[in-house]
Amino acid sequence: MNSRKVIGEEWRSGLTWRVVLAVIYGAAVLMPVTIWGELMIGSVGNLTWTVVILFYWLSLLYGSPLTRQEILVMFAAVNTAVFAGVGLNFHHMFYRVWFASSPIAKAYGVAKYLPYWWVPETPLIRTQALRTFLHPSWIPVAVTSLVFWIMNLIIGLSLGFFFYQLFVETEKLPFPMARVSVEVITELWEREPMKMRIMVLFALIGFIYSLLAYGVPILSQTFIGVPIVVIPYPWHDLTESFKEVLPGAMIGIDTNLISYMMGMIVPFEVIVYMFIGSFAVSVLGNPIIVWYYPELIPKWVGFPKGMRLADILFWSNIYVWYAVSIGASFGVFLETLVRGRREFAQSIRNLSKLSTAMKRLGYLSLHSIIVIYLAITLLWFLLLEFVLIPGFPWIPLLIVVVFWPFIHGILSARALGETGFPINIPYLNSNVLLITMESYNIPVHSKLGIWPWFAPLGVSSGEGWTSTFYVCRGVRCTFSSYIKAVLLIAAPVAILFNFLYSEYLWKMTPIPSPMFQYAQIFWPITAAQRVLWYTRRIYSFNPNLIIGGFASLLAVSAVASFLKIPFSSIGLLAGIGQPLPTPLALFIGAIGSRLLEKLSKGKISLRKYAYVMVGGYAIGMSIAMALSISISIFAKSLWPLPY
């Protein structure tokens with residue numbers, strides 16, 4: 001479907017009074033659940049569907065069903081409100097305050113060098129003797145968080161519009177996960193009997209399975225103090241069974257049913273190369289490192305003796321596969337520019353002159369995109385160089401803030417378009433900082449040696465907005481109404497309620513405390529891992545591996561092109577970055593659904609309903625998580641009472 005045809009159809013605003021009411025309800029009722037849940041159990045899952053489904057059924061009861069545009073905007077705005085998806089998250093400041101006076105920060109000599117714009121310098125606040133956000137020393141922290149969040153939004157929107165035009169309108173990539181959202185929203189609006197039955201069935205399956213997998217451990221931890229694991233999450237770890245034959249191999253079984261259902265949605269060619277890439281790393285690559293190249297990983301790590309899959313994944317990625325992924329990413333970027341040069345040029349032409357209809361939908365022109373992106377990224381760079389970390393070498397900052405977001409955006413937006421999964425290259429900024437500091441002999445224990453680690457370097461690449469605009473296009477919701485609902489309605493509501501709940505919670509007790517077990521157990525672990533970077537005890541930059549990853553991907557691409565073999569470079573790159581369980585689950589789902597269809601001679605076609613199956617399951621999982629966490633929080637909140 002071309003852009004002219006889409007624009008010719010009726011597009012509507014999704015911002016209504018019912019959306020505003022849902023945002024306020026979500027922030028008031030579920031935000032405390034998410035804050036408490038993050039401190040108590042670490043993750044609360046997606047609770048947004050519980051609010052949307054509530055308002056959906058209320059609208060049906062009152063004879064005025066929600067439009068599909070309202071459903072989309074309500075989900076996005078409520079999600080922002082419930083999870084405080086804004087730059088000014090007050091409950092995230094609890095970790096900063098704790099870290100500032102933690103034994104770990106003091107032992108490694110980091111505490112006295114923490115920047116004033118990251119955590120207040122006031123000793124009473126750092127020791128939690130004074131627990132309030134209504135203190136002048138919080139102003140630099142709040143202003144820094146809010147300013148950089150706003151700039152990140154603007155950058156993400158500008159890149160999102162460009163990548164939307166490139167990958168959605170011009171290349172017409174499938175965006176499988178975004179398509180799930182479109183199908184679920186459309187089905188809730190149309191209520192076609194057969195699809196509704198399937199969606200409700202899989203919502204029930206998702207509810208029961210999630211209650212067993214996630215609810216039982218949460219509730220058992222709450223009531224008897226010991227988590228009972230019925231279904232291991234996110235995978236059943238089989239590393240121990242293969243440690244003698246394949247030492248260091250990352251083998252397991254994915255226990256998230258959505259991964260198997262996604263195998264029916266993601267293009268088969270992409271799944272095959274994801275599986276190949278993951279198998280090459282998880283099953284072959286790590287044992288080869290153990291046998292032939294143990295010097296790649298420091299001896300003090302003890303790799304892979306006695307390690308579980310998650311530990312092997314962490315250390316092998318840091319010292320080997322992240323570097324390979326960086327090199328392969330540049331290979332994919334080069335291949336994308338060469339292969340998609342016509343589409344790239346067409347997107348530029350389409351955005352150079354917008355029609356009246358495109359402007360009404362909220363499109364940005366090419367000139368606006370370029371000006372906005374360069375202006376905000378350069379402002380970001382100047383704020384870093386002259387305000388937050390003055391005196392830090394400017395070339396690395398320019399690369400990380402101005403150039404890398406565009407490169408990473410092309411890779412990650414394409415990955416979302418083809419696989420449904422974004423490309424993530426963690427620790428890239430950490431490696432850039434570490435190399436820069438070592439090259440310029442910046443002392444570890446100094447402001448210039450510590451402050452950059454806390455500086456906001458995570459510039460948006462726009463791939464999330466690209467996927468969002470795909471969904472808007474699928475349900476004919478104007479971009480402008482979506483943006484207004486999320487940024488002008490939900491964001492202020494989220495900031496206000498987040499401040500009120502966080503302020504109240506902090507006055508109850510210091511954080512972490514026995515009331516918040518996850519924070520008490522895992523914050524020290526997180527801090528210990530991060531401080532290894534701050535004090536440069538981790539060093540994962542390996543130029544040879546980067547060059548090897550770059551050359552290998554281009555070589556495989558060239559061979560596939562010469563032999564005329566279907567090839568997905570983005571699938572291979574995505575596979576390199578994931579342990580075996582998830583790509584294997586996708587592969588099983590893809591093969592199983594096709595085999596069942598063939599054996600039944602087309603009578604049973606799971607792929608026909610795959611989108612509503614995944615969407616229904618996600619709704620059921622969301623409700624199970626909301627119920628489990630709500631019961632847990634209610635029970636936990638009773639013990640401080642006087643009786």
Side-chain angles (χ1 to χ4, degrees), residues 19-48 50-52 74-100 117-120 125 128 130-153 156 456 458 460 464 483-513 515-516 518-519 523 622 625-626 629-630 632-633 636-637:
V19 170
V20 175
L21 189 61
V23 166
I24 297 172
Y25 173 83
V29 176
L30 287 184
M31 184 184 289
V33 175
T34 63
I35 295 174
W36 196 294
E38 284 182 22
L39 294 170
M40 195 166 63
I41 62 175
S43 175
V44 295
N46 188 354
L47 309 180
T48 311
T50 57
V51 177
V52 176
M74 183 179 293
F75 181 88
V78 169
N79 192 68
T80 299
V82 169
F83 291 94
V86 293
L88 194 54
N89 277 336
F90 290 95
H91 73 281
H92 288 172
M93 304 295 179
F94 295 149
Y95 171 83
R96 301 187 185 190
V97 173
W98 168 82
F99 180 78
W117 40 259
W118 189 75
V119 65
I125 291 180
Q128 300 198 53
L130 178 65
R131 298 192 300 273
T132 180
F133 294 107
L134 296 173
H135 190 277
S137 61
W138 279 106
I139 293 175
V141 180
V143 169
T144 301
S145 299
L146 195 58
V147 166
F148 280 90
W149 173 68
I150 292 172
M151 289 196 297
N152 221 17
L153 278 175
S460 174
I483 294 170
K484 289 175 184 176
V486 172
L487 303 186
L488 301 183
I489 303 298
V493 170
I495 292 173
L496 174 62
F497 277 89
N498 188 254
F499 168 76
L500 295 174
Y501 285 128
S502 300
E503 178 78 6
Y504 173 76
L505 188 63
W506 201 15
K507 287 187 181 298
M508 288 176 57
T509 176
I511 300 174
S513 70
M515 187 186 298
F516 304 114
Y518 181 89
W523 279 9
S622 171
M625 290 291 290
I629 293 165
S630 298
S632 178
I633 289 175
K636 284 283 186 179
S637 65

Revision key, fill the gap. Smallest heavy-atom separation, Ser502 atom then Ile35 atom, equals OG-CD1, 4.1 Å
**Study point:** Closest heavy-atom pair and its distance - Gly26, Val51
**Key:** CA-CG2, 4.3 Å
Could you pull out all donor-acceptor pairs under 3.5 Å where a side-chain atom in residues 483-500 meets a protein atom, sequence neighbours excluded?
residue : atom : partner : partner atom : Å
Asn498  : OD1  : Phe90   : N            : 2.6
Asn498  : ND2  : His91   : ND1          : 2.9

Check your understanding: Is Glu38 close to His92 at the side-chain level, that is, under 4.5 Å between some pair of heavy atoms?
Key -> yes
Point to revise | Parallel, tilted or perpendicular, as decided by the 30° and 60° cut-offs, for the rings of Tyr95 and Trp98 | key: tilted
Exercise for review: Give the minimum heavy-atom separation between Ser460 and Gly156, together with the two atoms involved.
Suggested key: OG-CA, 3.3 Å
Check your understanding: Checking Asn79 side chain against Thr48 main chain: does a donor-acceptor pair fall under 3.5 Å?
Key -> no
Review point. Are side-chain heavy atoms of Pro510 and Arg131 found at a separation under 4.5 Å?
Key: yes
Revision key, fill the gap. When every non-hydrogen atom of Leu88 is compared with those of Ser145, the smallest separation belongs to CD1-CB, 4.0 Å
Practice item. Using a 4.5 Å cut-off on heavy atoms from C-beta on, say whether the side chain of Arg96 contacts that of Val141. Key: yes
Check your understanding: According to the side-chain hydrogen bond (donor to acceptor under 3.5 Å, both in side chains) rule, which pairs have a member within residues 19-33, sequence neighbours left out?
Key -> none
Point to revise | Pairwise side-chain contact, Val97 with Trp506, heavy-atom cut-off 4.5 Å (strictly under) | key: yes
**Study point:** Separation of Thr144 OG1 from Trp118 CH2 (nearest 0.5 Å)
**Key:** 12.5 Å
**Study point:** Closest non-hydrogen atom pair, Pro136 against Pro140
**Key:** O-CD, 3.7 Å
Review point. Listed by chain and number, what are the side chain to side chain contact (heavy atoms under 4.5 Å, CB included) partners of Leu130, not counting sequence neighbours?
Key: Leu124, Ile125, Thr132, His135
Study note, to complete from the structure: Between Phe133 and Glu503, the two heavy atoms sitting closest are N-OE1, 2.8 Å
